[in-house]
J.: 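Okay, here's the structure, questions in a sec.
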Amino acid sequence: MSGDAVLSIRGLSKRYGSGLEALKAVDLDIHRGEIFALLGPNGAGKTTLISAICGIVQPTAGRVSVDGHDHQRDYRQARQRIGLVPQELHTEAFETVRATVSFSRGLFGLPANPGHIEQVLRDLSLWDKRDSQIRELSGGMKRRVMIAKALAHEPQVLFLDEPTAGVDVELRRTLWTQVEALRGRGVTVILTTHYIEEAQELADRIGIIHRGELLLVDDKHRLMRELGRRQLRLHLLEPLAEVPAELADWAPSLEAQGTELVYRFDQRDGERRIPELLARVHALGLDYNDLNTSESSLEDIFVDFVAQRSGA
Amino acid sequence: MSFNRHGVWAIYTFEMARWRRTLWQSLVAPVLTTTLYFVVFGAAIGERMDSVDGVPYGAFIVPGLIMLTLFTQSLSNASFGIYFPQFSGTIYEILSAPLSSLEIVLGYVGAAATKSVILGLVILATGACFVELNIAHPVWMAAYLLLMALTFSLFGFIIGIWARNFEQLQFVPMLVVTPLTFLGGAFYSIDMLPPAWQTATLANPIVYLISGFRWTFYGSGDVGFALSLGCALAALGIGLAWVWWIFRTGYRLKQ
Ligand SMILES: Nc1ncnc2c1ncn2[C@@H]1O[C@H](COP(=O)(O)OP(=O)(O)OP(=O)(O)O)[C@@H](O)[C@H]1O
Ligand SMILES: [Mg+2]
């Protein structure tokens, strides 16, 4: 177990009653105070992983320790430290915002603390709604109520399972700011997301999960550098039937019915070969009216990576 | 933290608050039903009936009526209390909280049993408006009421975990407990039945439970009080063991 892991997962597996293996011996250490993004397509096992850690799903095998406390043998200590915002909106309809958040605090074994509840509600811009019934709130507000519930017992580790699904751009920005603020207070945040932009913006480290396997965990910047690719796209005036043999060195591809010549290269040395490629294109008498380069997003990285994996 | 009392209290007060929001419906329906029973059985028919074991018929049915309401209300209150969070998904929070299974049961079953006891006392008070009641063993009466409320709330909790839809929640109270209670001597002494039926009736566990409660009122029942109390405690034991098994195996609560 690494020294500053607030959460340490070893060989965590889950096979559902249906026989489906949703988690395959996952090993993962989460560092204290980091923001960790778990990326994966639908059905990859993100929610299952979180549920198995938090006690909602019974793992088939494996161990989890939270701040040194085993999540089954020492479940009170372990769970006390964890806050969970599930993917789906599950709220009581007739409770008031303040009552439901106070309820969560009690559930986690802490005496009432109206001051803390007020602070949480203010931080999430819910204070004005404190006496409203939850059914009267909008979806985005309900999601913030769920976050407030998860923060009511001052957890050290916060799980956010797709916190910004179905949330408008403005609220998403607000939530991001709030996640940053939590990190500022020393809370470790683990979030799952489909929005690559979100992981790119927020996370310190990123883990990619696919079909129950944690394929890769890396520092965000290194991940982008290592796996990030760029592309040069030439819009040809005359479509080509096939890539001319003279360009084979660059292994470009033809797209859009032969009207676009695309050269993909990695971040490190590919770009040094661009002038040479353009000179060769010119020498071949190929005319183009536009040219652009773009960086692959984390999304492309992810898609490439998964494609490679499932191809292998 | 060896006992999460704040957690138990949170569940308990949450459940009681839910009840208070619909207090009117929760109380008025059973009180109205009981009143109807008194009008029909006590006043209309009771006039023409002899006293049973020296107790006027109107007073004789009071313990049975209280038990009937207590059984059905405990079952439906407790089953709804734990079924609904599973239905709405809010159970995630209970499962992820540092609560032992005992604490979860204590919160839900404790609240359901409290409601039932209150309801039982309200019906007792309603009964007292119609007939003269002398309770022979008030302390036993209170203890027995509590025991039955706890036992049936525990069974309700089990039903709430087992049920997959709202119809199944109603299934046991409507189709099992209500008929067995009617046939179990809620409104008559089994001495009044033909001998063959008496024997058959003794196979109905509810007979023993109702008889015990009637004993606390009138000092006599269909069977001895010790036997009734034994059955009541056994029922509680079965409920506890069953719940313990549910949590141990994660039955239907966790995937
Ligand atoms: N209760 C369950 N019973 C059986 N299979 C399940 C259950 N819950 C999830 N699964 C299956 O386990 C796999 C992983 O599901 P999970 O919900 O963990 O995915 P996810 O990564 O969270 O997906 P999404 O991005 O759509 O939320 C899926 O194939 C899903 O169908
Ligand atoms: Mg999910």
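Side-chain atoms are counted along with the backbone in the values below, which use heavy atoms only and exclude waters and symmetry mates. Each chain gets a letter, A, B and so on, in the order its sequence line appears, and its residues count up from 1.
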J.: Is it the case that more than 12 heavy atoms not belonging to B:Trp140 sit under 6.0 Å from its CH2 atom?
T.: no

J.: Against chain B, label A:Tyr16 side chain, backbone, both or neither, depending on which of its atoms sit under 4.5 Å from a heavy atom there.
T.: side chain

J.: With side chain to side chain donor-acceptor pair (under 3.5 Å) as the test, pick out the partner of B:Thr90 among A:His90, A:Glu92, A:Glu95, A:Lys149.
T.: A:Glu92

J.: More than 12 heavy atoms of other residues, nucleotides or ligands under 6.0 Å from CH2 of A:Trp176: is that the case?
T.: yes

J.: Side chain, backbone, both or neither: which part of B:Arg21 has an atom under 4.5 Å from a heavy atom of chain A?
T.: side chain

J.: For each of B:Ala10, B:Gly7, B:Ala97, tally heavy-atom pairs with chain A at distances under 4.5 Å, and name the one with the top tally.
T.: B:Ala97

J.: Between A:Ser51 and chain B, which part of the residue has a heavy atom less than 4.5 Å away: side chain, backbone, both or neither?
T.: neither

J.: Hey, which of A:Arg79, A:Arg105, A:Lys14 has the most heavy atom pairs under 4.5 Å with chain B?
T.: A:Arg79

J.: Measuring only between side-chain heavy atoms, which start at C-beta, is B:Ser100 closer than 4.5 Å to A:Arg76?
T.: yes

J.: For side-chain contact (heavy atoms from CB on, under 4.5 Å), just list the numbers for A:Glu88 and B:Tyr92, CA-CA rounded to whole Å, side-chain angles, deciding distance to a tenth of an Å, and then say yes or no.
T.: CA-CA 10 Å; A:Glu88 312 279 341; B:Tyr92 85 88; over 6 Å; no

J.: Considering only heavy atoms and a distance below 4.5 Å, find which of A:Gly17, A:Ala78, A:Pro111, A:Cys54 pairs most often with chain B.
T.: A:Pro111

J.: So which part of A:Gln58 gets closer than 4.5 Å to some heavy atom of chain B, the side chain, the backbone, both or neither?
T.: both

J.: Assess whether atom CZ of B:Phe130 is packed by more than 12 heavy atoms of other residues, nucleotides or ligands within 6.0 Å.
T.: yes

J.: Return the CZ to OG distance between B:Phe14 and A:Ser104, rounded to the nearest 0.5 Å.
T.: 10.0 Å

J.: Can you give me the closest heavy-atom contact between B:Leu99 and A:Leu107, atom names plus distance?
T.: CD1-CD1, 3.8 Å

J.: Taking OH in A:Tyr75 as the centre, count heavy atoms belonging to other residues, nucleotides or ligands within less than 6.0 Å. Is the count above 12?
T.: yes

J.: Of all heavy-atom pairs between B:Ile94 and A:Phe103, which one has the smallest distance, and what is that distance?
T.: CD1-CZ, 4.4 Å

